[in-house]
2 protein chains.
Amino acid sequence: MAETRKQVKRSVADGQDEANRRQALIRASARLFREKGFEATTVRDIAGAVGMRSGSPFYHFSNKQEILKAVMEEGLRQGLDRTEEALKAATTPQERFRAMVRTHYGILHDEGSEFIAVLLYDWRSLPDEHKQDIIAVKDRYDLLWQACLQEMLSLGLLGANSDHDKAAADDVKTARLMIMGAINFTVTWYKQHTGRGAMDLDALSDRTVRFFMREAP
Amino acid sequence: MAETRKQVKRSVADGQDEANRRQALIRASARLFREKGFEATTVRDIAGAVGMRSGSPFYHFSNKQEILKAVMEEGLRQGLDRTEEALKAATTPQERFRAMVRTHYGILHDEGSEFIAVLLYDWRSLPDEHKQDIIAVKDRYDLLWQACLQEMLSLGLLGANSDHDKAAADDVKTARLMIMGAINFTVTWYKQHTGRGAMDLDALSDRTVRFFMREAP
DNA sequence: CCTACCGATCGGTAGG
DNA sequence: CCTACCGATCGGTAGG
């Protein structure tokens, strides 16, 4: 009986260790993929980054593509969590819009948060049979944006249609694609530096919100 | 003397053929890079696409990276030409803005025009020593946008600062980064199809212009 | 531009 | 998770 309990404890701990090692591989992979791309990153790079030998990642993942999928899933999971958390503190449509913009910038540019940038950069490398799984989660995130922008458009606080009471579904989708495009594209040019004259994520968010948002009519 | 003339003629023709083969390699590479990425495209893929054997592209380019650079240069050259041409027909700031948006969409999505999409997707794969050359040409293109948006902002036809006579340089840059980001990001989601319900590049341009442009105050 | 080839490297596996 | 390894493929070259 004591024996049994001990064994159970041991295997729970092992399971934790294993999950930790898996997480370490995902984090290291995200950083490497973000830096030089999925195709240019070797399994040896990944293994080396967490102190393993070249064959060992395959104890945790059945192939390289599964690592890519795990990176993207981790990013979306974290992104949804952070966004829902940020929305709790926002009460007005304008505050919600600002919160979503700022949170998305964090998701894209915070240190240790390279998962979504990898999703954007290396989508082509994800095997077709995995794409639907990722899209399903991404759809949930897009819905949060859709609700936020629907609200903004209806109030005339955004882009076209400020003179209509109801924003058409197409307009909401266009607004989402344009705004998220603008924000996502910062992965190609925004660099966080600490020197003077640097623009931090708060400043970038301010500029973005100011550019897209209209005064209430 | 006749001999000499003939030889000159011949070598001119050869030079043409060689240039043609080089162009064919650039076009085929652009299509392949756009489809599956620079790293995932092999020299054998490229050679096969123009009916060559695997070693032959190296008669035209000293290595694979030089092909990538040539693809990007070709795209910027074509992009500048098309934009300057389109601007000739536009007389008002609004017309110029619309012309630049529509032309950029053409550059990104027209069939046989995959060069700039490759620049956006595979920038990381370009060796550092080539980046400055490409940036120098890209700067010329950005300047055309900068002038166009400066004009729009000063007239209060765009985003923030509609109540100021002079748009600050930072505002122009922000507007450019946001608008070009939104447009460039369409490479990740826009698909041209011919069926009903499809949005062609004219419709996409309309939506884009309408979303970003304000009524004159 | 082809033929023939090479050294290096890659993703992945067997067996412990 | 390591050791030891493999088949396949890759970018690139020599010689014509």
Side-chain angles (χ1 to χ4, degrees), chain A residues 10-30 32-33 35-72 118 122 124-130, chain B residues 10-30 32-33 35-72 118 122 124-130:
Chain A
R10 166 81 72 89
S11 50
V12 166
D14 284 358
Q16 262 306 335
D17 283 356
E18 209 172 300
N20 286 342
R21 296 304 283 157
R22 191 186 144 97
Q23 269 297 115
L25 283 168
I26 293 173
R27 276 198 304 269
S29 298
L32 288 163
F33 293 165
E35 192 186 321
K36 46 186 186 174
F38 173 77
E39 301 287 350
T41 301
T42 70
V43 174
R44 281 162 177 81
D45 292 334
I46 296 169
V50 298
M52 287 179 183
R53 298 309 184 92
S54 72
S56 302
F58 295 107
Y59 173 76
H60 297 274
F61 298 92
S62 53
N63 54 52
K64 196 186 167 193
Q65 285 78 22
E66 296 279 354
I67 305 181
L68 180 61
K69 188 188 180 188
V71 166
M72 295 180 178
V118 171
D122 285 321
R124 276 182 309 195
S125 300
L126 189 69
D128 284 336
E129 65 261 36
H130 292 331
Chain B
R10 166 81 72 92
S11 50
V12 167
D14 283 358
Q16 264 304 337
D17 284 356
E18 208 172 299
N20 286 341
R21 296 306 282 157
R22 191 187 144 95
Q23 270 297 116
L25 282 167
I26 293 173
R27 276 197 304 271
S29 298
L32 288 164
F33 293 165
E35 193 186 321
K36 46 184 185 175
F38 173 76
E39 301 287 350
T41 302
T42 69
V43 173
R44 282 164 176 81
D45 292 334
I46 296 169
V50 299
M52 287 179 183
R53 297 311 183 91
S54 73
S56 301
F58 295 106
Y59 173 75
H60 298 274
F61 298 92
S62 55
N63 54 51
K64 198 187 166 192
Q65 284 79 22
E66 296 279 354
I67 306 181
L68 179 61
K69 188 187 181 190
V71 166
M72 294 179 177
V118 171
D122 285 321
R124 276 182 309 195
S125 300
L126 189 68
D128 284 336
E129 65 260 37
H130 292 329

On a heavy-atom basis, the closest approach of B/V71 and B/A30 is CG1-CB, 3.9 Å

What distance do A/R124 atom CZ and B/F33 atom CZ have between them, rounded to the nearest 0.5 Å? 10.5 Å

Not counting sequence neighbours, which residues clear side chain to side chain donor-acceptor pair (under 3.5 Å) with B/S125? List them please. B/E39

If a stem is a run of at least 3 consecutive Watson-Crick or G-U pairs, both distances under 3.5 Å, which stems include DNA chain C? C:1-16 with D:1-16

How would you give the extent of chain A contacts on DNA chain C, as first and last nucleotide 5' to 3' within a 4.0 Å heavy-atom cut-off? C/dC10 to C/dT13

Contacting residues from residues 17-27 of chain B, given that a heavy atom lies under 4.0 angstrom of DNA chain D: none

Could you pull out every donor-acceptor pair under 3.5 Å between side chains of residues 19-29 of chain A and any protein atom, sequence neighbours left out?
residue : atom : partner : partner atom : Å
A/N20   : ND2  : A/Q16   : O            : 3.4
A/R21   : NH2  : A/V50   : O            : 3.0
A/S29   : OG   : A/L25   : O            : 2.6

Contacting residues from residues 43-58 of chain B, given that a heavy atom lies under 4.0 angstrom of DNA chain D: B/V43, B/R44, B/S54, B/G55, B/F58

If a pair satisfies salt bridge (charged side-chain N to carboxylate O under 4.0 Å, His left out) and one of its residues is in residues 42-63 of chain B, list it, with sequence neighbours excluded. B/K36-B/D45

Considering only heavy atoms, which members of residues 60-69 of chain A lie under 4.0 Å from some atom of DNA chain D? A/H60

On a heavy-atom basis, the closest approach of B/S54 and B/V43 is O-CG1, 3.6 Å

List, one per line, each side-chain donor-acceptor pair under 3.5 Å for residues 60-69 of chain A, sequence neighbours excluded.
residue : atom : partner : partner atom : Å
A/N63   : OD1  : A/Q65   : N            : 3.2
A/N63   : OD1  : A/E66   : N            : 3.0
A/K64   : NZ   : A/F38   : O            : 3.0
A/K64   : NZ   : A/T41   : O            : 2.8
A/K69   : NZ   : A/D133  : OD2          : 2.9

Sequence neighbours excluded, the answer for salt bridge (Lys or Arg N to Asp or Glu O under 4.0 Å) partners of A/D128 is A/K131

Which heavy atom of B/V118 sits nearest a heavy atom of B/M72, and at what distance? O-CE, 4.0 Å

